[in-house]
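I have placed the structure first, in the form of structure tokens, so that the comments after it can refer back to it.
Start at 1 with the first residue, then count along the sequence. When a ligand or atom number is given, it counts from 1 through the structure's own listing order.
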Amino acid sequence: MSEKKLRSADWFGRKGKDGFIYRAWMKNQGNPDYEFNGKPVIGICNTWSELTPCNGHLREIAERVKWGVLEAGGFPVEFPVMSLGETLMKPTAMLYRNLASMDTEESIRANPLDGVVLLCGCDKTTPSLVMGACSVNLPTLVISGGAMLTGRYRGKSIATSDAWNYFDDWKEGRITEQELRNIEGSMCRSCGHCASMGTASSMASMVESLGLSLPGNAAIPAADARRKTFAQLSGKRIVEMVREDLKLSDVLTREAFENAIMVNAAIGGSTNFVVHLLAIAGRVGVPLALEDFDRLSAQIPLIVNLEPSGKYFMEDLFYAGGLPAVMKELDKFLHQGAITVNGKTVKENYTSAENFDKDVIATVSNPFNEDSGLAVLHGNICPGGAIIKPSAASPKLMSHTGKAVVFENIEDYKARIDDVSLEVDETSILVLKNVGPKGYPGMPEVGNMSLPKKLMDKGVKDMVRISDGRMSGTAFGTVVLHVSPEAAVGGNFAVIRNGDTITLDVPNRTLMLNVNDEELEARKKNYIPTLPDIPRGYTNLYINHVLQANEGADLDFLRGCSGSEITRDSH
Ligand code: FES
């Protein structure tokens, strides 16, 4: 059987002037002709950046990928793409997810690459790279950077999810500013991303359950030597994938997406998983709707006992057997025959896995929580849908009616939330508008808004909160998110008023504003939606083209795949 012609041969395998120019400048790095001409050229797409602390170790990982590529007879080339650091970027890293995906897509397509390894870590770095790569569809494999080692403070294991409680303690004066500073270094004590089952860990689990990484990707700690071994093996494998012509679209089937949704439910994964998976599905043309998340999650109990839904950390998940042990426990639910990047099926990858700690990975028959995953809500507030994470919410608030305390935007919220004259009690429902994709813009993680100080002083720990924004995957509470359509484009959510009553009924999957249709229509007639006035640049493009959360918040013109072919030369 003759091997498929390498894509890179259209650059390096040519005669005359074109071949000369493509090859000559590669030689200024000391590469002899035979190294890159005629071998699979593997791009290592790196989100390393000192401004993305979670990805600060990815150059070391890239080196090990190169070892593996060379070992298998390929030629590795590392290249940077825009890196999205969750903690430093303003107004929110999510604003730039689609921009980074464009960078990734065009960088891959424009260059002489036969296969790609995506190096990801911090939250948005994973979906942005996967989305971009999907729109090119070369053989592609993902390596996550791995989670930080579990933090330790005063004898207690801590990670990012605990930060939310420490912030409340500081606000309430239970700990000092100096103690808060001491916690900073205790929590982030090694390389890697957040150590709870936040968005980064959910994304690392997502790529593994989709079949886009070798088994074991999600849970090996960043600082563990086995992360480097994993990188080398992945480098070796991507060269084989090029020879087998195993492309992203071969792996990313509808079954793969369903597997990822079920795994995310079992691990208590982030709410952000929804908006990112929808965006990825949109790139490969797999039909996926918000309802699929509810339907597929409904049968899956929570079996992984990690913060924020449980008490352990990613390091513990690794010692307990990692994601393969979780997937083995889900055997009867999963599409076992879905193919993965190592050429084996999902089931073949987890068959030999073992669960070493049933306190960390429980069984389906005796789970930590019958409620898992994400509930999708509908009703007159959110005709396009909204989501809530039951495992992170208070059971007593899952069916609740209360009076709305409305904040028109984030500035309004910050100005009034701790005002002692604010009319609010523990039965109230906090409503935050204009933090959606277009309205903020960028859909920031502010949905788990802090409670009013005067209620926290009374010991109130949770209230129903509703917004068109997102929340950190490390956060918790009875928080309704991703209301679609968002306030900035009009609709019923935009015209909720202070004192209106709202009914949240998670068992029946409804979220209703108890105002009659005539009144709502009258309010909407007098309401003029206004988008942020940003006259130029990427943000202007984003506001004009971003889709709503229930469609993945991708840019409308980025959905789909353009393939890898380039018909015109550069000279
Ligand atoms: Fe990067 Fe949490 S801040 S993963």
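- A donor-acceptor pair is defined here as one N or O able to donate and one able to accept, closer than 3.5 Å; no such pair exists between the side chain of Glu86 and the backbone of Asp123.
- Salt-bridge check for Lys414 with Glu411: failed, with every basic side-chain N at 4.0 Å or more from each acidic carboxylate O.
- Side chains of Asn259 and Ser209: a donor-acceptor N/O pair is absent below 3.5 angstrom, by distance only.
- Within 6.0 Å of NZ in Lys90 there are 12 or fewer heavy atoms belonging to other residues, nucleotides or ligands.
- Interface of Ala200 with ligand 1, defined as ligand atoms under 4.0 Å from a residue heavy atom, comprises 4 (S).
- For atom 1 (Fe) of ligand 1, the N/O/S atoms of Cys54 include one lying under 2.8 Å.
- Remark: minimum distance from atom 2 (Fe) of ligand 1 to any protein heavy atom is reached at Cys194 SG, 2.1 Å.
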**Request:** Could you go through the side chain to side chain donor-acceptor pair (under 3.5 Å) check for Thr52 and Ser83 one step at a time?
**Result:** CA-CA 7 Å; Thr52 307; Ser83 184; 2.7 Å; yes
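- Close approach of ligand 1 to Glu86 is summarised as follows: ligand atoms under 4.0 Å from at least one heavy atom of the residue are 3 (S).
- Residue contacts with ligand 1 include Thr87, since one of its heavy atoms falls under 4.0 Å from the ligand.
- At least one N/O/S atom of Cys122, whether from backbone or side chain, sits less than 2.8 Å from atom 1 (Fe) of ligand 1.
- If you number the atoms of ligand 1 from 1 as listed, the ones under 4.0 Å from a heavy atom of His193 come out as 4 (S).
- At a threshold of 4.0 Å, the pair Lys438-Glu486 does not count as salt-bridged, since none of the basic side-chain nitrogens sits closer than that to a carboxylate oxygen.
- From the protein, the heavy atom lying nearest to atom 4 (S) of ligand 1 is Asp123 OD1, 3.2 Å.
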